[in-house]
Amino acid sequence: MKLKEIDKNITIYYDIDFNKNIFNMDLGNHADNWPVTYILYNRSKGKAYVGETTSFKTRMGNHLEDSSKNEYTKALFIDYNQATKSTILHLEAFLIRGLSISHELLSDLSNIKANSNKHTYYNEQKDEEMCIKVWNALKDEVGIVKEYYNTIRNKNEFKYSPYILLNENQNEVLNEIIDELCYKDNNMIVIEGASGTGKSAVAIQLFKQLTSYNNFNGIIDNSMVGENINRLYDIKNKFNKNGNYYSIAYVAPMSNFCSIIRKSINKIQGLKKKDLKENKTYINDDDLNMMRLYSGSDLKKLAKHVSKDNKLFDLIIVDEAQRLNRRYNQSNGNGYLAFDEMNKALGLPVNKNKDDGNQLDWIFELSKNQVFFYDKRQTIRSSDVPTEYFKNKFKNATFRKTLLAEERCLGGTEYIDYVNAIFSNTPPKEKKIFNNYEFEIFDKYEDMIKALETKEDDLSIKASGYFFQSTDDNYDIEVDGIKQRWNQVAYDWINNKVRKENEIGCIHVLEGVDADYVGVIVGDEIKYEDGKIKVEEDNYKDKLGKTCIDSEDQLLQYITNVYYILLTRAMKGTYLYVMDPTMKEYLEKYINKKEN
């Protein structure tokens, strides 16, 4: 047994032999009758289990009698002399989330907690700081994690972890969705929410709970203390009747975002290949990462497996549903052919109307139940299924709810609504100041870059609308004489090791992701004239973005939607550099000017 005193309040007892000798060991004053968080582990087998208890030795006795815990050889617990029940639950969730993506010797995390609710309590921020200290000590002293907290917190697998705790609003919506699915059939559920309200977090938790507990055997054991036991039985009774597994698919239309979600879903314990062994409709049945997860392009490949009135899935969860495509403005001829093949297989109109037989229609044809996560402000191209089409389909929703609590941005819902209003033709009535969020406009692009560079401990990136098209092979964008590149990788650009400081992220690599600080270049494809934001179409260089547009108002909506997305990616602050002088003058009415 070893111990590490982190500070006067926190001590980690680790490498404790996990056997009956544990009852005779001197483990300080808090091994009995004190709330602690603990980890069981086996370095050679790469196994870990995280739990919490109010009596460490008593819980170890329970675990030693549990044959499923025989594979663990060591234990540790965190002795925090200011611990409460809320504290140890907080730390337990923190460790599960972190260990699921970053560990040195541990590759299999056993926990599949159903309790996903986060609650606010006194000293929560102080406890979060304690969790970070513990995590970093697990790297430096215990050696079971390989990265510091400041590194893992910016990883998309951490942000989209299936073990994240939901806030009260998110958890309420999640439970209502599960109730609808458990007790009703033929559901069309629509969950709306602005940028940063946690639509993807709820979608992933929904997928996790329904798939993880497909394997729940109905036996309650000591590891389930704190679980919603009735919910486990509800899920089992509906989704795993006599071993007949409920077939669930997760659709993330954008390929880049789908790759991020795939990494997250792959961390779900209990998601086993045998769950789907009877269903041969998957793109690659030998690849666990692909099973039950589809991008919009992947859906087209299901054509040879489908037929009219044959529902492949009991349930499809659609994340970022507003980016589902239609047979319109496809990038090449193969895109149109894939649509025609799928529509023919499903008995939908083929090559008749641009809105017939779109990917939204496919979802209905492929599934008995649907859950859509949707934000109409995040549609950005004419190839997206139109907002009006969604509106007409959603009239038949059996359940509808809106997520309200902003989780990404420290400026809160007020900031998101403010940005939405600024980039519309119904601007705010007055300027707002956000004391806990940096929202500033710069006169010089060079100064904005320098401001981002000062954020050394934060993840800071640059982003832009598509206003510049270089003819020089050595650079893509030139702003104030500074030549830079677009993102050179398409997948997980923010965390990609090859991302260079001189790169600028486009909208397609930033949808669904975030950073601490984002510097946004507002291009000269929009201007302010006659009291309105208008499009300067010749300056908009996204060919697919402006092809097949019905009106200038429609193009303006797509472009302002792009900027709405870019300006809502940052957790701590958004900086702006504005190309068009009329647009800059307009924005300065609502955004603080950065003083040198």
Just how far is it from atom OG1 of T582 to atom CG of L587, taken to the nearest 0.5 Å? 9.5 Å
Is the distance between the ring centroids of Y149 and F94 under 6.0 Å? yes
Criterion salt bridge (charged side-chain N to carboxylate O under 4.0 Å, His left out) on K263 and D492, from CA distance to verdict: CA-CA 11 Å; K263 288 181 181 180; D492 198 12; 3.5 Å; yes
Report the C-alpha distance between Y445 and Q484 in whole Å, list the side-chain angles of each, state the deciding distance to 0.1 Å, and finish with yes or no for side chain to side chain donor-acceptor pair (under 3.5 Å). CA-CA 12 Å; Y445 181 52; Q484 298 185 290; 2.3 Å; yes
Evaluate the side chain to side chain contact (heavy atoms under 4.5 Å, CB included) criterion for residues V518 and L566: first the C-alpha distance (whole Å), next the side-chain angles of each, then the deciding distance (0.1 Å), finally the verdict. CA-CA 8 Å; V518 179; L566 296 182; 5.8 Å; no
Evaluate the criterion side chain to side chain donor-acceptor pair (under 3.5 Å) for residue pair E320 and Q322; output intermediate values, then yes/no. CA-CA 5 Å; E320 304 285 359; Q322 69 279 351; 2.5 Å; yes
Is the backbone N or O of E446 less than 3.5 Å from a side-chain atom of D480, with the two atoms forming a donor-acceptor pair by type? no
Check for me whether the distance between the ring centres of W486 and Y466 falls short of 6.0 Å. yes
Can you check whether R97 reaches F158 side chain to side chain, under 4.5 Å on heavy atoms? yes
What residue among R323, R381, R569 forms salt bridge (charged side-chain N to carboxylate O under 4.0 Å, His left out) with E511? R323
So which atom in A203 and which in I317 form the shortest heavy-atom distance, rounded to 0.1 Å? CB-CG2, 4.1 Å
Greater than 12 external heavy atoms within 6.0 Å of K572's NZ: yes
Shortest non-hydrogen contact from S297 to S255? OG-OG, 4.3 Å
Which word best sums up how the rings of Y437 and F439 line up, parallel for under 30°, tilted for 30 to 60°, or perpendicular for over 60°? tilted
For N592 and K431, which I'm curious about, is there any donor-acceptor pair between the side chains at under 3.5 Å? yes
Does any part of the side chain of K300, heavy atoms only, come nearer than 4.5 Å to the side chain of Q359, both counted from C-beta? yes
K432 vs E414, test: salt bridge (charged side-chain N to carboxylate O under 4.0 Å, His left out). Steps then yes/no. CA-CA 9 Å; K432 291 185 179 180; E414 187 178 20; 3.6 Å; yes
Residues D443 and K584 bridged, charged N to O under 4.0 Å: yes
Can you confirm whether N325 sits close enough to N358 that some side-chain heavy atom of one is under 4.5 Å from a side-chain heavy atom of the other? no
Evaluation steps, side chain to side chain contact (heavy atoms under 4.5 Å, CB included), between Y389 and L360: CA-CA 9 Å; Y389 198 88; L360 178 58; 3.9 Å; yes
Starting from the C-alpha separation in whole Å, work towards a yes-or-no answer on side chain to side chain contact (heavy atoms under 4.5 Å, CB included) for Y294 and V318. CA-CA 9 Å; Y294 301 90; V318 187; over 6 Å; no
Checking side-chain contact (heavy atoms from CB on, under 4.5 Å) against I261, which of N156, D319, V251 comes through? D319
Pair Y148, D140: side-chain N/O donor-acceptor within cut-off below 3.5 Å: yes
Hey, is E503 close enough to R485 for a salt bridge, meaning N to O under 4.0 Å? no
Which distance, rounded to the nearest 0.5 Å, do you find between the CG of L293 and the CD1 of I265? 5.0 Å
Distance-only polar pair, side chains of Q557 and N561, donor-acceptor under 3.5 Å: yes
Pairing of K534 and E529 as salt bridge, 4.0 angstrom limit: yes
Taking the six-membered ring for Trp, are Y374 and F390 parallel (under 30°), tilted (30 to 60°) or perpendicular (over 60°)? tilted
For K159 and I164, the nearest pair of non-hydrogen atoms, with its separation, is O-CD1, 3.7 Å
Working to the nearest 0.5 Å, report the span between CG of L165 and CD of Q205. 8.0 Å
Could you go through the salt bridge (charged side-chain N to carboxylate O under 4.0 Å, His left out) check for E438 and K455 one step at a time? CA-CA 12 Å; E438 297 180 45; K455 310 297 182 180; 3.2 Å; yes
Interatomic distance, W493 atom CH2 to H508 atom NE2 [nearest 0.5 angstrom]: 13.5 Å
Any donor-acceptor N or O pair under 3.5 Å, side chains E407, N167: yes
Apply salt bridge (charged side-chain N to carboxylate O under 4.0 Å, His left out) to the pair D361 and R327, showing each step before the final yes or no. CA-CA 11 Å; D361 295 324; R327 191 192 181 282; over 6 Å; no
Go through the steps to decide whether V190 and F373 satisfy the test side chain to side chain contact (heavy atoms under 4.5 Å, CB included), and finish with yes or no. CA-CA 6 Å; V190 178; F373 293 85; over 6 Å; no
Quick check, are the ring centers of Y528 and Y590 under 6.0 angstrom apart? no
Of all heavy-atom pairs between G481 and E478, which one has the smallest distance, and what is that distance? CA-OE2, 3.6 Å
Show, in sequence, the C-alpha distance, side-chain angles and deciding distance for E525 and Y563, and conclude whether the side chain to side chain donor-acceptor pair (under 3.5 Å) test is met. CA-CA 11 Å; E525 77 275 34; Y563 284 112; 2.6 Å; yes
With no hydrogens and no angle check, do the side chains of Q554 and S551 hold a donor and an acceptor under 3.5 Å apart? no
Can you tell whether the side chains of D384 and R326 come within less than 4.0 Å, N to carboxylate O? no
Can you label the angle between the F394 ring and the F372 ring as parallel, tilted or perpendicular, going by 30° and 60°? tilted
Which value, rounded to the nearest 0.5 Å, describes the distance between I533 atom CD1 and S424 atom OG? 6.5 Å
Can we call the ring centroids of Y577 and F442 under 6.0 Å apart? no
Answer yes if the ring centres of F434 and Y415 are under 6.0 angstrom apart, and no otherwise. yes
Residue pair S195 / R408: nearest heavy atoms and the distance that separates them: OG-NH1, 2.9 Å
Please give me the minimum heavy-atom distance between Y250 and S200, naming the atom from each residue. OH-O, 4.1 Å
Out of curiosity, S460 OG to I449 CD1, how far, rounded to the nearest 0.5 Å? 12.5 Å
